[in-house]
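Computed from heavy atoms alone, side chains included, the values below leave out hydrogens, waters and symmetry copies.
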Amino acid sequence: SFKTGRDHHFLSDLETDLFHLLNWSDAILDIREQYPLDRAVTRMIANEMGIIHPRDTKTKTDIVMTTDFVIDVIGADNNRFTKALSVKPASALEDKRTLEKQELERRYWQRETINWGIVTDKDLPHVRIGNLRWLHEMYSLDGLKVDHADYWTDKGKRFIGELSRVRSGLIQDFTRHLEDHFSFAQGDAMTVLRHLAATKQISINLDKKFSARESITTLVINGHSGARRTA
């Protein structure tokens, strides 16, 4: 995560998808996955509900339950708060046992006075997530072999400089222009585009699948007073 500086580990594609949304959002301050719940408390709640506490199938020992995500958020009023999220396929919520465990989890966080909610595959914007996955791969370019230490920094500045002057054409024409006239190796202009978008130096339309055949005007330079802006 470029937000937390930590490696995160997930148990499903749905969890990974939600992570990319959380990692991108400026409102999210921290992300903790597979957050362990106090087993004494979950046992007490299960007893109150009259249900069997989740157990290891082999040893029959009560397991330590976890919540998929616990996140720290900053609201519009700059107030910070914590939220707990469970991630499940929508189809799983038709299962009685799954609902029992979700209710147990809800009651746990209610005791902690922390808002808890369920996120399903039907709640996730899959095109946006696909674009974020694509950008995330190029957030850091440190592992890519280049001629000199400042190669990517120099190319990024050149990319933004040229982008601020271009008024028309396709993205693929622009990247070819950089390769033909500014010593970008083949494919490097697109790598730089992805890196600049991943680091929020430029913006792309995240809610439409990215295509190099789109107009160059769909790329917007962030925080640049002389930048061309889209309508």
Side-chain angles (χ1 to χ4, degrees), residues 1-10 12-31 33 71 124-231:
S1 169
F2 51 79
K3 181 182 296 292
T4 69
R6 303 191 305 270
D7 288 340
H8 293 265
H9 303 271
F10 306 105
S12 69
D13 287 340
L14 279 181
E15 291 179 13
T16 306
D17 286 348
L18 180 57
F19 162 77
H20 281 292
L21 291 176
L22 298 174
N23 195 48
W24 183 259
S25 172
D26 293 333
I28 307 302
L29 302 175
D30 195 18
I31 304 166
E33 76 275 19
I71 57 176
L124 297 176
H126 296 290
V127 172
R128 171 172 283 253
I129 289 166
N131 283 326
L132 291 178
R133 281 178 175 265
W134 183 67
L135 295 182
H136 188 82
E137 295 171 355
M138 292 301 164
Y139 182 87
S140 172
L141 302 179
D142 291 344
L144 301 182
K145 186 177 180 180
V146 289
D147 295 335
H148 58 88
D150 295 327
Y151 178 86
W152 293 118
T153 300
D154 293 345
K155 296 307 182 192
K157 291 178 179 178
R158 174 59 68 182
F159 188 106
I160 290 176
E162 288 301 302
L163 182 60
S164 67
R165 289 191 284 272
V166 171
R167 295 293 182 270
S168 63
L170 305 181
I171 294 172
Q172 63 185 12
D173 297 331
F174 178 69
T175 58
R176 191 177 303 115
H177 165 73
L178 294 176
E179 293 171 356
D180 291 345
H181 299 285
F182 296 100
S183 303
F184 279 67
Q186 186 173 9
D188 281 0
M190 187 58 67
T191 296
V192 171
L193 185 157
R194 293 169 67 184
H195 174 71
L196 294 175
T199 54
K200 300 186 179 182
Q201 296 178 67
I202 66 172
S203 294
I204 67 171
N205 183 355
L206 292 172
D207 296 313
K208 182 177 182 181
K209 186 175 180 179
F210 180 85
S211 171
R213 295 184 177 87
E214 293 288 339
S215 170
I216 192 66
T217 59
T218 62
L219 304 182
V220 177
I221 304 169
N222 297 324
H224 189 278
S225 60
R228 162 197 29 77
R229 296 287 172 172
T230 56

Undergrad: With sequence neighbours excluded, what pairs up with D26 under the side-chain contact (heavy atoms from CB on, under 4.5 Å) test?
TA: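 Checked D26 against side-chain contact (heavy atoms from CB on, under 4.5 Å); matches are K200.
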Undergrad: Which heavy atom of A197 sits nearest to which heavy atom of L135, and what is that distance?
TA: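 Result for this residue pair: CB-CD2, 3.8 Å.
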Undergrad: Angle class for the W24/F2 ring planes (parallel below 30°, perpendicular above 60°, tilted otherwise)?
TA: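 Ring orientation of W24 relative to F2: perpendicular.
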Undergrad: Can you list the residues that meet the side chain to side chain donor-acceptor pair (under 3.5 Å) rule with S203, with sequence neighbours excluded?
TA: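 Counting only residues at least two positions away or on another chain, S203 forms a side chain to side chain donor-acceptor pair (under 3.5 Å) with N222.
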Undergrad: List in chain and number order the residues that pass side-chain contact (heavy atoms from CB on, under 4.5 Å) with S140, two or more places apart in sequence or in another chain; answer none if no residue qualifies.
TA: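 S140: side-chain contact (heavy atoms from CB on, under 4.5 Å) contacts with D142.
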Undergrad: According to salt bridge (Lys or Arg N to Asp or Glu O under 4.0 Å), who are the partners of D150, at least two apart in sequence or on a separate chain?
TA: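 D150 satisfies salt bridge (Lys or Arg N to Asp or Glu O under 4.0 Å) with no residue once adjacent residues are dropped.
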Undergrad: Do D154 and K157 sit within salt-bridge range, that is, some charged N less than 4.0 Å from a carboxylate O?
TA: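 Result for this pair is no, no salt bridge flagged.
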Undergrad: Quick one: do E162 and R165 make a salt bridge, cutoff under 4.0 Å?
TA: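 Between R165 and E162 there is a salt bridge, with a charged N closer than 4.0 Å to a carboxylate O.
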Undergrad: Closest approach of L124 and L14, non-hydrogen atoms and distance?
TA: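 The pair with the smallest heavy-atom distance is CD1-CD2, 3.8 Å.
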Undergrad: So, taking the atom named CG in L144 and the one named CE in M138, what distance separates them when rounded to the nearest 0.5 Å?
TA: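 Reported to 0.5 Å precision, the distance equals 5.5 Å.
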Undergrad: List the residues meeting side chain to side chain donor-acceptor pair (under 3.5 Å) with K209, not counting sequence neighbours, and say none if there are none.
TA: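 For K209, no residue satisfies side chain to side chain donor-acceptor pair (under 3.5 Å) once neighbours in sequence are set aside.
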Undergrad: Can you tell me if S1 and N23 form a side-chain donor-acceptor pair at under 3.5 Å?
TA: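 Short answer, yes.
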Undergrad: Mind listing the closest non-hydrogen atom pair of T175 and A189 along with its distance?
TA: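 What the structure gives for the nearest pair is CB-CB, 3.7 Å.
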Undergrad: Please work out which of the three classes, parallel, tilted or perpendicular, describes the rings of F10 and H8, given edges at 30° and 60°.
TA: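 Taking F10 first and then H8, their aromatic rings lie parallel (interplane angle under 30°).
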Undergrad: What residue pairs, at least two apart or across chains, pass side chain to side chain donor-acceptor pair (under 3.5 Å) with a residue in residues 189-199?
TA: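 Of all non-adjacent pairs touching residues 189-199, those that pass side chain to side chain donor-acceptor pair (under 3.5 Å) are E137-R194, T199-Q201.
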